[in-house]
Amino acid sequence: MVERPASVVKELVENALDAGAHAVDLAIEDGGRQTIRVSDDGSGMSREDAVLSIERHATSKIRSAHDLVGVRSFGFRGEALAAISSVSQLELETATDDGAGTLVRVEGGHVREVTDAARRRGTTVRVARLFYNAPARQKFLRGARSEWRAILDVVGTMALARRDVRLDVSHDGKPMLNLPAAASLRDRLAAIHGGSVAGRLLGVDEVSGTTHVAGLVERPADVGTATRRIFLSVNGRAVRDIGIVRAAEAAYRSTIPGGVRPTLFLEVVVAADMVDVNVHPAKAEVRFRDRWQVEQTVERAVRRALGTFDAGATFGRSVWPAALAGTAPAPAEPVDVESLQPTTTTSDGLFAASDSASASAAALPEASRPVSDIPPLIQLQRTYLMFEHEHGVVLIDQHSAHERVLFEQFMRTLECGEQPSQRLLFPMTLHLGPAESEAFETHRELFERLGFEIEGFGGHTLIVRAVPMPHPRFDPERCLRETLATLTGDRETGAHARHERLAATVACKAAIKAGDSLSPGEMRALFVALRDTTLPAHDVHGRATIVQLTWDEIERRFGRK
Ligand SMILES: Nc1ncnc2c1ncn2[C@@H]1O[C@H](COP(=O)(O)OP(=O)(O)O)[C@@H](O)[C@H]1O
Ligand SMILES: [Mg+2]
């Protein structure tokens with residue numbers, strides 16, 4: 001249980017927090033191998049309690065069976081001080097509001113001295129020469145730097161969980177962290193890791209029933225560019241919980257490449273009787289009464305944060321205005337795009353097919369947004385759409401953007417309906433290689449749902465009689481060939497995963513390309529269609545569709561700020 005200096009620090013700080021401290025001061029020497037001193041301004045202890053506290057099972061934290069339900073305090077085992085004092089030279093100095101102060105000196109578990117001590121309310125525990133009497137364990141201590149890093153890790157995590165508490169940490173006499181009580185997670189993060197890290201993260205905030213998920217998560221465009229950090233708290237207590245992390249990661253599906261993992265700072269609050277955080281105090285695992293509901297809320301919360309234009313790549317700190325960012329409707333499932341229909345203002349050729357596809361679905365309020373809130377758009381290099389905004393300049397990659405639009409449209413089709421198609425005047429004949437033919441056979445039914453009407457013609461020849469028409473420049477033959485070539489050898493088994501794979505491939509092949517010149521109406525149509533997707537700021541390969549350059553950053557670069 002007492003494995004290394006960092007675990008001692010953790011126990012002592014938790015005790016201080018349990019005692020209601022508003023400020024905790026840590027002084028560490030030699031990575032905690034020489035001394036660990038933790039002072040707090042909490043309740044303090046009477047002399048009797050102080051002496052008792054270092055005996056095994058000395059906890060004061062369970063007074064009745066009722067306390068075992070929804071315990072909010074950190075530990076109730078009543079063993080930490082006993083265990084620590086048995087392998088160190090420990091001094092405990094404490095005073096309550098009224099009583100006189102007490103000093104207890106313990107060596108290797110034996111109380112050597114109990115005397116008066118003059119001090120203000122609170123407790124200071126000083127642990128010196130950890131494992132001095134347990135050479136086998138001392139041997140396993142790492143170097144001072146490594147132990148110090150582990151301590152910083154523990155303190156950083158607790159500092160995030162309890163940002164209402166002031167924390168000061170010094171190492172070998174040098175101040176290392178000074179964290180005043182912070183009003184927000186972002187402020188606390190900025191104090192620990194610096195403002196540039198904190199400023200780039202996206203805010204998360206979602207309530208579902210009695211579950212509240214808040215926090216900060218990494219922009220998909222930034223994932224993989226810096227050290228990954230994970231912080232998770234449940235009801236104010238830092239925990240590890242792989243299920244919640246997985247749920248948050250699931251929200252990133254189709255916005256980041258496989259193999260990279262996002263930085264996440266998430267705070268979950270649930271009703272006290274819905275959770276048992278004391279299942280395994282050392283491992284900090286959590287047992288929820290309704291885990292599925294909590295994970296669903298986490299995934300939805302993160303997905304919503306990613307589902308705004310603001311979630312795109314940014315130079316400088318993002319200040320995307322709520323007016324534009326707030327258009328993402330509440331997504332319920334990873335790819336619940338059923339409720340997201342293209343707007344009626346987009347029938348400008350480019351999205352004619354998607355308009356008729358949506359005819360049967362109920363229009364959402366978002367769908368009737370007036371055309372007037374579309375900013376003037378300029379096409380650059382026949383590749384990017386640019387517009388200016390109150391807070392900066394924004395670039396949209398037309399291919400990536402269209403790919404995102406088509407991907408969601410195709411997913412909607414594959415999972416919930418049929419795509420209208422256009423009969424070809426002259427059926428098209430395709431000769432395929434064996435691998436492509438096999439890929440076609442595997443996905444045949446899905447191709448049909450996407451609007452392809454295809455007949456096998458024996459051997460490796462296909463006759464295509466009808467095709468979907470996502471936009472006037474669509475080249476069905478090329479799309480089909482390239483899609484089949486990409487799907488060759490595809491062994492995706494789950495239905496949803498197969499749909500995603502096919503939708504992403506066809507979207508990529510069917511989308512307008514860089515170099516296609518767009519009419520003003522088509523640019524507007526693309527803008528609106530993109531804005532109405534669930535994840536407008538990301539294409540389906542983990543790249544940004546949108547990059548913004550804020551006026552702030554521009555002014556900074558021109559030395560105006
Ligand atoms: N910093 C502190 N301020 C006030 N009381 C403390 C402090 N540290 C320890 N105690 C008291 O000592 C008891 C034993 O502490 P510990 O061994 O960590 O067990 P636990 O925290 O599991 O109860 C606590 O229950 C508490 O009453
Ligand atoms: Mg404790």
Side-chain angles (χ1 to χ4, degrees), residues 1-28 35-68 70-106 108-111 114 117 119-127 130 154-155 157-158 161-162 164-169 236-239 276-284:
M1 181 172 71
V2 182
E3 296 150 11
R4 58 193 300 191
S7 39
V8 172
V9 167
K10 180 163 184 282
E11 294 289 346
L12 297 183
V13 176
E14 284 181 349
N15 280 347
L17 296 174
D18 280 349
H22 297 292
V24 181
D25 192 274
L26 285 89
I28 311 293
T35 32
I36 296 166
R37 201 195 67 213
V38 177
S39 306
D40 68 62
D41 61 354
S43 62
M45 286 175 267
S46 68
R47 176 156 309 179
E48 193 187 354
D49 284 345
V51 174
L52 267 176
S53 74
I54 51 144
E55 285 173 16
R56 229 160 259 280
H57 308 300
T59 188
S60 64
K61 290 167 195 170
I62 303 174
R63 296 209 158 78
S64 70
H66 178 75
D67 286 349
L68 281 170
V71 189
R72 279 196 70 104
S73 82
F74 286 103
F76 57 83
R77 292 154 297 144
E79 290 183 357
L81 279 185
I84 295 166
S85 66
S86 70
V87 289
S88 68
Q89 298 172 351
L90 182 143
E91 278 178 21
L92 186 155
E93 203 188 86
T94 186
T96 57
D97 260 334
D98 30 54
T102 301
L103 170 71
V104 181
R105 222 161 46 72
V106 193
H110 304 288
V111 177
V114 180
R119 65 160 290 141
R120 60 188 163 74
R121 188 186 106 127
T123 302
T124 299
V125 177
R126 184 169 173 278
V127 176
L130 186 62
V154 161
V155 174
T157 299
M158 286 193 289
R162 287 293 306 274
D164 56 319
V165 174
R166 178 183 180 92
L167 270 169
D168 293 281
V169 188
R237 186 190 170 179
V239 296
D276 180 1
V277 286
N278 282 307
V279 176
H280 195 318
K283 285 203 179 141

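Computation of the quantities below employed the complete heavy-atom set of this structure, encompassing side-chain atoms and omitting hydrogens, waters and symmetry-equivalent molecules. Every number for a ligand or one of its atoms is a count from 1 in the order of the listing.
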Contact partition for [X] relative to ligand 1, non-hydrogen atoms under 4.0 Å:
{"X": "E79", "answer": "backbone"}
{"X": "D40", "answer": "side chain"}
{"X": "A80", "answer": "both"}
{"X": "L81", "answer": "both"}

M158 versus V9, closest heavy-atom pair with distance:
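It is CE-O, 4.3 Å.
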Applying salt bridge (Lys or Arg N to Asp or Glu O under 4.0 Å) as the test, list every pair that has at least one member in residues 41-54; sequence neighbours left out.
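Only R47-D116 qualify under salt bridge (Lys or Arg N to Asp or Glu O under 4.0 Å).
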Give the atom numbers and elements of ligand 1 that come within less than 4.0 Å of a heavy atom of A19.
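Counting from 1, the qualifying ligand atoms are 3 (N), 4 (C).
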Quick one: which of N15, T123, L52 has a heavy atom closest to atom 16 (P) of ligand 1?
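Minimum heavy-atom distance to atom 16 (P) of ligand 1 goes to N15.
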Evaluate the side-chain proximity of D168 to V24: yes if any heavy-atom separation is below 4.5 Å, no if none is.
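With C-beta onward as the side chain, the pair stays apart.
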Could you tell me whether the side chain of I28 reaches within less than 4.5 Å of the side chain of T35, counting heavy atoms only?
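In short, these two side chains do not touch, never coming nearer than 4.5 Å.
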Partners meeting side-chain hydrogen bond (donor to acceptor under 3.5 Å, both in side chains) with T124 (sequence neighbours left out):
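Testing T124 for side-chain hydrogen bond (donor to acceptor under 3.5 Å, both in side chains), a comparison that skips the adjacent residues, returns S39, R119.
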